[in-house]
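One structure is given here, and the rest of the page talks about it.
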2 protein chains.
Amino acid sequence: MSTPPTRTPRSGRRTAVASIERGAESRDERKARTRRALLDTALDALRDESFTSLSLREVAKGAGIVPTAFYRHFPDMDSLGIALVDESIGSLHELLRDARANAESDAHLIRGSLRILVDHVDAHERHFRFLARERFGGSAILRKAIGLEVRMFATELAVDLARVPEIGAWPSRDIQLLADLIVTLIVATIEDLVEADDADAVAAAVEAAATQMRMVLLGVGAWHPVTPRR
Amino acid sequence: MSTPPTRTPRSGRRTAVASIERGAESRDERKARTRRALLDTALDALRDESFTSLSLREVAKGAGIVPTAFYRHFPDMDSLGIALVDESIGSLHELLRDARANAESDAHLIRGSLRILVDHVDAHERHFRFLARERFGGSAILRKAIGLEVRMFATELAVDLARVPEIGAWPSRDIQLLADLIVTLIVATIEDLVEADDADAVAAAVEAAATQMRMVLLGVGAWHPVTPRR
DNA sequence: AAGTTCAGTGAACATATGTGCACTACAGTG
DNA sequence: CACTGTAGTGCACATATGTTCACTGAACTT
């Protein structure tokens, strides 16, 4: 009821984003809040430009702080980029986790997985777009960071694949390559999805991915357990 | 032997790139030369940054002309970008042409094609890197232009595939999707190749691509001519 | 020989950028 | 309560950017 001990209902000074009608907030909460605002601004701006052309002043302004205050959160723009990679990769792993859970129940494995993919891309569109855009983008640091994570993602998938009876007996090198192939297809589909501007385009991308995935999996059935070494 | 009618062995004014020890040159030749210098500078700069962060002044300086002279060649940076896309796509079609010629003679279709791919990427590294980097880059104009061309490339491949006995009878939609799948794999390989920094990395990328291509083509053998509609 | 065309110049502009510095206000703490 | 740590401010600077304008000189056209 009564106003909490810490008053200042509306401070005389507009204090960045936090000022948007928040009465009491701890110091850490406010810091986290502007940090989020910086990341969000960057994520939004990266819809129309690439990371190397994104300026410190631009994100600072978008977050409602003065340029120099940026340094209270990140030593430089590259660090901001790395933070975005971390967040985005989180979405990726979450995706795989859901797909794994689904694979054990759903009879239509491909369609079910694709549905999950679409849902995730939809829910974290900015992050996935960021990944697609910067995977081979101009920043060497981000390229390296994303490349590493995508490779880890593929390895994670390879472990899952090894549990499939038909595949389990393959040489691990082949399993990894199959996982890489599937990841390539998934990434390509993600790129199509973030680029899709209407529902039809999404549906088309899904249809294409489903058919192509089926083609690949048919290849799996015919694959010789022993790699034809030369 | 004797100096040609048009003299001016070394003009009193250093005229941009053309001044690098070229005695006689027609006006058009000189213009073409600086245009080339602009494109080359851009191509080189795009190794370390993305197109949206590439500045007009930067390419002008690299080409040895004053910023304002840039407008004598392109109305804006986007036009320069489109010109780069055109050039790069040229390399792509050249690649397919060579691969086609090879396919009719070489018994090892996959390895032969990959060898050609590697050679082309090596010969036109800057162009292929540009394509990979801007395919999903920050510039909407370039994204659209490249996307269109890649789709045309896939369609061209589909026509070739339709001539393969096992595939010819498929519904055209499936042939197109197979072509798209193969193009996805090719593009992914190109991305790996331009990212590869030593010979080992190149060899690994080729090995991976060869195996994956074999997996896909095995799927082709098992594919039912009629698309399993739902 | 005189005239035209046009790639390239150089100065100027308004605006954007990264970063250093001294500061202020307020949440957290003894 | 006074004290301190720190997110955010405001100013300043050197530098980079796109674009305008009037210009120059040499290749071409007549």
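Chain A is the first sequence line, chain B the second, and so forth, proteins listed ahead of strands; every chain is numbered from 1. Computation of the quantities below employed the complete heavy-atom set of this structure, encompassing side-chain atoms and omitting hydrogens, waters and symmetry-equivalent molecules. Note that the structure is predicted; figures quoted are calculated from it, not measured.
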If only side-chain N and O atoms of B/T68 are considered, is one of them under 4.0 Å from the OP1 or OP2 phosphate oxygen of D/dG18?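 The answer is no; no side-chain N or O of B/T68 sits under 4.0 Å from OP1 or OP2.
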Partner residues of [X] under the side-chain contact (heavy atoms from CB on, under 4.5 Å) criterion, sequence neighbours left out:
{"X": "B/D44", "value": "B/R47, B/R126"}
{"X": "B/A201", "value": "B/A196, B/D197, B/D198"}
{"X": "B/D192", "value": "B/A205"}
{"X": "B/F136", "value": "A/E191, A/E195"}

Sugar-phosphate or base contact per nucleotide [nucleotides 12-17 of chain D; S, B, -; heavy atom under 4.0 Å]: -----B
Residues B/E207 and B/R111 bridged, charged N to O under 4.0 Å: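 Answer for the salt bridge query: yes.
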Please report the distance, rounded to the nearest Å, between [atom1] in [X] and [atom2] in [N].
{"X": "A/F74", "N": "C/dT19", "atom1": "CZ", "atom2": "C1'", "answer": "18 Å"}
{"X": "B/E29", "N": "D/dC28", "atom1": "CD", "atom2": "C1'", "answer": "14 Å"}
{"X": "A/Y71", "N": "D/dG8", "atom1": "OH", "atom2": "C1'", "answer": "14 Å"}
{"X": "B/R33", "N": "D/dA27", "atom1": "CZ", "atom2": "P", "answer": "14 Å"}
{"X": "B/L80", "N": "D/dG18", "atom1": "CG", "atom2": "P", "answer": "11 Å"}
{"X": "A/K31", "N": "C/dG28", "atom1": "NZ", "atom2": "C1'", "answer": "15 Å"}
{"X": "A/D28", "N": "C/dT29", "atom1": "CG", "atom2": "C1'", "answer": "14 Å"}
{"X": "A/K61", "N": "C/dT17", "atom1": "NZ", "atom2": "C1'", "answer": "12 Å"}

Of all the choices, D/dG18, D/dC28, C/dA7, which nucleotide is nearest to the side chain of B/H73 once you look at every atom?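 When the side chain of B/H73 is considered, C/dA7 is the closest of D/dG18, D/dC28, C/dA7.
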Selection from D/dG8, D/dG18, C/dT9 that lies nearest to any side-chain heavy atom of B/I65: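 The answer is C/dT9.
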side-chain hydrogen bond (donor to acceptor under 3.5 Å, both in side chains) with A/T52: which residues, sequence neighbours excluded?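 Partners of A/T52 under the side-chain hydrogen bond (donor to acceptor under 3.5 Å, both in side chains) test: B/S50, B/S53.
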By nearest heavy atom, map B/M77 and B/R27 onto DNA chain D; which one lands nearer the 5' end?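 Looking at the nearest nucleotide for each, B/M77 comes out on the 5' side.
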Identify, between A/R72 and A/L54, the residue whose nearest nucleotide on DNA chain C lies closer to the 5' end.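 The residue mapped nearer the 5' terminus is A/L54.
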Got more than 12 heavy atoms from elsewhere within 6.0 Å of CZ, A/R143?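 Yes, because the 6.0 Å sphere around CZ of A/R143 holds more than 12 heavy atoms from other groups.
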